[in-house]
Amino acid sequence: MNIIAFPIFFPFLLVIVMIMVRSVKLAKCLAIAGSAINIIGILLIFQQVSKNDILVLNMGGWPAPYAITLVADYLSSLMLLVTAIIVFSISVYAYNFIQEDDGNSKFYVFFFSLLMGVNGAFITGDVFNLYVWFEVMLLSSFVLITLGKRKEQLEGGIKYMALNLIASLLFLAGLGLLYGKTGTLNMAHLAQILKDDQQAILINTSAMLFFIAFGIKAAVFPVFFWLPSSYHTANITITSLFAGLLTKVGVYALIRFFTLFFIQDSDFWHTLLLIIAGFTMIIGGMAASAHYETRRILSYHIISQIGYMIMGLGIFTPLAIAGAIYFTVHNMIAKTNTFLIAGVINKMKGTYYLKNIGGLFKESPMLAILFIIPAFALAGIPPLSGFFAKFMLIKAGFEDEHYFVTSVAIFTGILTLYSVIKIWNEAFLKKHPDETKVHDKFKPGFIDILPSIILGLGSIGLGVFAKYFFEITSAAAEQLLNPDFYINNILNTVK
Amino acid sequence: MNSTILQISSRYLNIILLIASVFALIRGHNQPGGGFIGGLLASLSVIFNSLAYSPEEILKKLRIKPIQHIALGLILVLLSIIPSLLAHKPVMHGIWIKGSSAFLQSVKIGTPLLFDIGVFFTVIGVTLLFFFSLLIKK
Amino acid sequence: MEILLAILTGLLFAVGVYLILRRSIIKFIIGIIFLSNATNLLVFLSAGLVSGKPVFVPGGEIAMQADPLPQALVLTAIVIGFGIVVFTIALKYKFFKTTGTDDLDQLQQTDK
C-alpha cells in the first residue's frame, strides 16, 4: 500500500538531489533519469489500481477521518500517469532549452517541487492537504515564472501571483467554513456527512468559495485574465509545463469536489457550471482567433478548452464525466506538445510572431508533421484524440438536452480549427516574409523533437485506441458518480 | 550598523537563543514547541548577530550556508520515513526507541523527533535565506 | 467573544479588500497580508472558542479539551503565508529595481 506515497516522496528526493548537485550537465541527466523512474513507479500504481479499483493509504497509521488519507482511484491514477509522461517529455526538452539565464539547476529544484505539488494534489483525500499541495505547486510556479528575472517576466509574475494568492485565500476561507459546519476535512467523511444534510443552502457558501478558488486556478470565464498575461513571459519550457499541468489541477479539484460532496443543490450548480463553461469556451476561442502571436493563441486555447471540461462536469451524466476526463487527458498532452513546437519554431526563427515567420514546411517537414498532430487533435479532426473527446461531450450534451451550450461547444470547435489553421498557414505554408534571412543557424536536433514525438504518439494512441481509453474513463466516471464506493473504501480501511 | 550595545548583548543572547531553540525542539512532542519554533529561535541568533555586525560578514562566517541547511533538513525528513517503510507500516508511522533509562523517559526518541530535527534545520535555512537575500545588496 | 472576533474578521477582510483595490503594489501586498490574517482567524474560529481549555490532556475527558485541528491548520497556514509574503516582497523589490514604478496601472506590457 505504501506505493501510493511514491508520487510525493520520489519528487521530494529529486528536489534534494537537485539542491545538492553542482554540475549543470549532471542535473540535466539526473532530471531525465528521475522522471523516467517516476513514470515506472506511477505505472505500477496504475496497474495496482486497475486490479483493485481503489488504493487507500492512511499516513502515519492513524484511522481514517483523522489521518491524512492518500487515495488513488481511476481518475487520480490516470491524471498521475499523464502528468508523469508530460514531465518526462519536458525534462528531455529542457536539456537544450533551459539556458544559463533561466537559472539552470535552480530550475530543476522547482521543477520537481512543482511535480510534487501536482502529484500530491491528485492523490490526497483531505481538503486541507489539498490546500497545502496547491501552495507547494503555487510557490514553485511563482519561482519558475520569474526565473529569468526579465522585465516582462517580473510583470507577468506579479499578475500571476496576485490572482492566485487571492484564490488560495478564498480556498482557505471556504475550508474554514466547511470545517465549522461539518467538523471534518477528510473528503470521504465530508461526503458521508453532507449526503444526508438537509441544509444544503449553508454548504453553498463554502461551495461558492471553493468554486471561485478553483475557477481562478483553472482559468474559467470571469477570472481567466491572469493566464494570457503571464504565461507567455516565461521560458517556453516553463510555459509548456504550466500549460499542461497547472490549470488541469484546478479542473481536477472541481471535478472531485462537485462529484463527491457538493451535490445537494445540483440544479443551481450544474446550471452555473454550464453557463460559465459556455462563456469560457466562446471567449477563449474568439480571443485565440484574434491574436497573431503563437504563445498567446495557445494560451487562449487553454482557456477555451477548460470550458469543455467544465461543460462535461455541468452536464453530469456518466458519458459527460467520462468525456470530461478524456478531454482533460487529451488536452494535457496535446497542449503541452503545441507549446513545445512553438518553442522549437521560436528557436529556429527567433520570434513568436506569425507575421515574421514562414516557409517552415519546406525547411523542416518533420516539424510540420509533429505540429499537425497535436494541432489537429486540439481542433478535433477524426483519427486523433480530440475528436473522440469532443464527440463524447457533444453527444452527452444532446442526449441530456443542453442544446445551447452544446452548440456553443461546436461553434468553439470551429474557432479552434480556424486559429490552428491560421498558425499552420502562417508559419508553415506561406513563404518566409524576409527571404534574405531564411537560412538560420539552428536546426532542431533529435533531442529537441523527441518530446514532441512522444506526446504526438500519445495523441495518436488516444485516438486509435479510443475504445480502451473510453473504458478507463468510463470506469473513472462511474467511480465518481457513485461516491459510496469511495466513502466506504476510505472509512473502512481501519480494520 | 555599528552599535556597541547590540554587539555586546548579541554575544550573550546568542547562547541563550541557541539553548532555547534546542529546548523548544526537544519538548515539542507533546507540549508547545517543536521544530518550526526551534528553528525560528536558532535563526534569530544568527539574524541578531548580523544586525549587530554586518550581514555579509556573518554570511561569510557561517560554516554551513543557508541552502545547505535546507538540504540537510530535507534529507533528515526523508530519512525519518525510512524506518516506517522497513517495518512495513504505513508511511510516516511513528517508530520509537523504547527503554527504561532515565534519559529515554524524559526525552522521547523516535522518527517524529528526527522529522522535527529535519524541520528545524529547514526552517533555519529558509529563514536565513530570506533574511540574507533581502538584506544583502548585490 | 466569538461575535467580537467574527466582527474583527469581517473588518480585516474589509481592510484587505480595500487595500488590494489600490493602485500601489506595496499596498496590494499589505492588503494580501491583511486578507491572509483574516482568513487565518476565520479558520481558527471555525471550531468555536473554548476558553481556558488545553488541547491535549493526558487521560483527560474529551469535554475538557479544545479542538486541536483548527490550531494545527492555522499554524500551517501561517507558515505558508509567511513564505508567500516574503516571496511577494522580494518580487516587488526586484520589480521596483528593474522598472522603478510602484503603480499597477503601469503594468500593461504583457497584456498588449
Side-chain angles (χ1 to χ4, degrees), chain A residues 1-22 27 41 45 55-64 66-72 103 105-106 108-110 112-113 116 119-120 123-126 129 132 135-136 139 142-143 146 149 490 493-495, chain B residues 28-30 34-36 62-96 98 108 110-130 132-134 136-138:
Chain A
M1 276 304 173
N2 272 334
I3 190 154
I4 316 177
F6 173 85
I8 292 176
F9 285 105
F10 185 67
F12 185 68
L13 174 73
L14 287 174
V15 169
I16 301 176
V17 170
M18 290 302 163
I19 291 177
M20 294 198 298
V21 167
R22 299 261 153 184
I45 295 181
L55 293 181
V56 181
L57 172 73
N58 287 316
M59 298 257 275
W62 301 96
Y66 307 109
I68 291 172
T69 314
L70 300 183
V71 190
S105 57
K106 259 189 265 164
Y108 287 105
V109 174
F110 295 101
F112 285 115
S113 65
M116 179 166 78
N119 279 350
I123 56 172
T124 186
D126 183 279
N129 202 232
V132 173
E135 294 300 306
V136 169
L139 270 173
F142 285 165
V143 179
T146 52
K149 297 197 187 97
I490 289 171
T493 45
V494 197
K495 288 157 205 163
Chain B
H29 182 60
N30 267 343
F36 184 75
L62 279 180
R63 240 167 277 150
I64 308 176
K65 296 282 178 275
I67 189 83
Q68 289 162 328
H69 269 112
I70 297 179
L72 175 67
L74 293 181
I75 290 171
L76 289 177
V77 167
L78 199 62
L79 283 181
S80 77
I81 70 160
I82 289 175
S84 64
L85 288 180
L86 291 180
H88 292 288
K89 290 272 169 56
V91 174
M92 300 186 94
H93 192 277
I95 290 177
W96 301 94
K98 294 206 174 69
K108 286 189 161 182
T111 49
L113 184 67
L114 192 61
F115 187 89
D116 244 9
I117 297 174
V119 173
F120 178 80
F121 282 113
T122 314
V123 170
I124 295 180
V126 169
T127 319
L128 292 183
L129 202 61
F130 286 166
F132 286 123
S133 55
L134 284 179
I136 293 178
K137 294 180 183 69
K138 280 155 213 157

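Residue numbering restarts at 1 for every chain, and letters A, B, ... go by the order of the sequence lines.
Annotation for B:Phe115: atom CZ does not count as buried by contact number, only 12 or fewer foreign heavy atoms lying within 6.0 Å.
Between A:Ile19 and B:Ile67, the closest heavy-atom pair is CG2-CG1, 3.9 Å.
Using a 4.5 Å cut-off between heavy atoms, A:Met20 contacts chain B through its side chain alone, with no backbone atom that close.
Partners of B:Ile82 by side chain to side chain contact (heavy atoms under 4.5 Å, CB included), not counting sequence neighbours, listed by chain and number: B:Leu79, B:Leu86. Taking the side chain to side chain contact (heavy atoms under 4.5 Å, CB included) definition, one finds that A:Ile8 meets it with A:Leu70, A:Met116, A:Ile123, A:Trp133, sequence neighbours left out. For B:Leu113, the side chain to side chain contact (heavy atoms under 4.5 Å, CB included) test picks out B:Ile109, B:Ile117, with sequence neighbours left out.
When B:Ile70, B:Val77, B:Ile81, B:Leu85 are compared by the number of non-hydrogen pairs under 4.5 Å with chain A, B:Ile81 comes out ahead.
Atoms CZ and CG, on A:Phe9 and B:Leu78 in that order, are 7.5 Å from each other to the nearest 0.5 Å. Interatomic distance, B:Ile75 CD1 to A:Ile16 CD1, rounded to the nearest 0.5 Å: 5.5 Å.
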Listing needed: what donor-acceptor pairs below 3.5 Å join chain B with chain A?
unit_1, atom_1, unit_2, atom_2, d
B:Lys89, O, A:Asn2, ND2, 2.8
B:Val91, N, A:Asn2, OD1, 3.0
B:Val91, O, A:Gly60, N, 2.8

